[in-house]
Amino acid sequence: MKFNPNRCGFEGKGEIWVEDILNLGVSPATLIEVMKKRFTSLGGIIFEGYSVSSINVYDDAAVLKLAEGKTLSSRLIIDAMGNFSPVVKQIRSARKPDGVCLVVGSCARGFKDNVTSDVIFSSSTVKNVGNAEVQYFWEAFPAGSGPTDRTTYMFTYVDPQPGCPKLEELLEDFWDLMPAYQDVSLDDLEILRVIYGIFPTYRDSPLPSAFDRILQFGDASGIQSPVSFGGFGSLTRHLGRLSDGIYEAVSNNFLDSSSLSLLNPYMPNLSSSWLFQRAMSAKPEANVSPDFINELLCVNFQCMQRLGDPVLRPFLQDVIQFGPLVKTLGLVMITKPQIIPSIFKQVGVPVLTSWSGHFFMLGYYTFLSTFVDPVVR
């Protein structure tokens, strides 16, 4: 399923249109069926409908006890249970997330204008929800189930504190705001399904392996960007590296936690993304204009558009690169230096100081990859 073009827009600040960004839909049912056939053709066995009650790790194997009474032994267990994996909860010791992305949405039938998509769109300024302030963003795209079927998401970034908005409150706002955002009436739509989710993010990501013979994979490893809903897109970029690494680990018996942790190393581009989530989170104590987040994003996107596709596309694809980032920040400082004090208020000096270290490391890694890696290879 493909759709073009794609829009980025901010309340009262204009729109930017691009093509071939996030324009491919993936059917989970089809993807799982393809993987299932490939897995079984290679001798794999699927225990569908079973649940794991415990995992015991020994010197020569890891043993899974199933709630149904069966036991399975393995040289390596790959934990792909996502953000709320019980193994990850044990590793993080119930530590509070550093940030949360709250998402609500729906897939509905009856959209007449259904040929474009929104990568990120803001239709309002910061507003009060319960005891908190939030900045809503939208994403929308055609669904593969029918020509008039469309999926719309409303999401926001929040600090996980008491008084944060509930998903129920976000859903109430979704039904109130979505018709104006999509220029439709709810009476003309057939709601096919309602979607909602909570995506916690941690600064110390990806997550190193804490146990021998157990490797966190995908969202369970924290490999997703703090800006993205989940890690499917980022995981596909790492599949080759992870597949080769897991094969090498199993083949050579590098199954201790230290060796497995090398597969989830420090990634400065991932850590650098933290600044963007903080900048897009409403903070009452920041004492900035309710329109500041829209203004900041608009300035950044306008600068990236002026710098061209080599700068704009990586950001829209959630791939943070040193060169495009330096060009964007430099142009923002030149074209609108008066916004810099508000940035300090919004994100805070400690966050900016921490981010500066990751920014330096991103440049260092880029240098190594560009000039040293080819020589070594």
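Here the structure is a predicted model, which means the values were calculated and not measured.
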Distance-only polar pair, side chains of [X] and [Y], donor-acceptor under 3.5 Å:
X	Y	value
Thr125	Asp291	no
Gln182	Thr152	no
Asp149	Ser145	yes
Ser225	Asp318	yes
Asn269	Tyr365	no

First locate atom [atom1] of [X], then atom [atom2] of [Y], and finally report the distance between them rounded to the nearest 0.5 Å.
X	Y	atom1	atom2	answer
Met280	Asn294	CE	CG	9.5 Å
Ile320	Ser273	CD1	OG	4.5 Å
Ser124	Phe137	OG	CZ	9.0 Å

Residues passing the side chain to side chain donor-acceptor pair (under 3.5 Å) test with Ser261, sequence neighbours excluded, are none

For Tyr136, enumerate each residue passing the side chain to side chain donor-acceptor pair (under 3.5 Å) test, keeping only those at least two apart in sequence or located in another chain. Asp173

Report the residues that fulfil ring pair (Phe, Tyr, Trp, His ring centres under 6.0 Å) with Phe39, sequence neighbours left out, ordered by chain and then residue number. none

Validate the cation-pi geometry between Arg7 and Phe121: distance from NZ or CZ to the six-membered ring centre under 6.0 Å, angle to the ring axis within 45°. yes

Compute both the distance and the angle, then confirm whether Arg150 meets the cation-pi test with Phe141: under 6.0 Å from the six-membered ring centre, within 45 degrees of the axis. no

Is there a side-chain contact between [X] and [Y] (heavy atoms, below 4.5 Å)?
X	Y	result
Glu48	Lys36	yes
Thr201	Val100	no
Val104	Ile195	no

Please give me the minimum heavy-atom distance between Ser106 and Met178, naming the atom from each residue. OG-CE, 4.5 Å

Single hit among Ser221, Ser85, Ser209 for side chain to side chain donor-acceptor pair (under 3.5 Å) with Asp79: Ser85

Check the orientation of Tyr157 and Phe155. Use parallel for under 30°, tilted for 30 to 60°, and perpendicular for over 60°. perpendicular

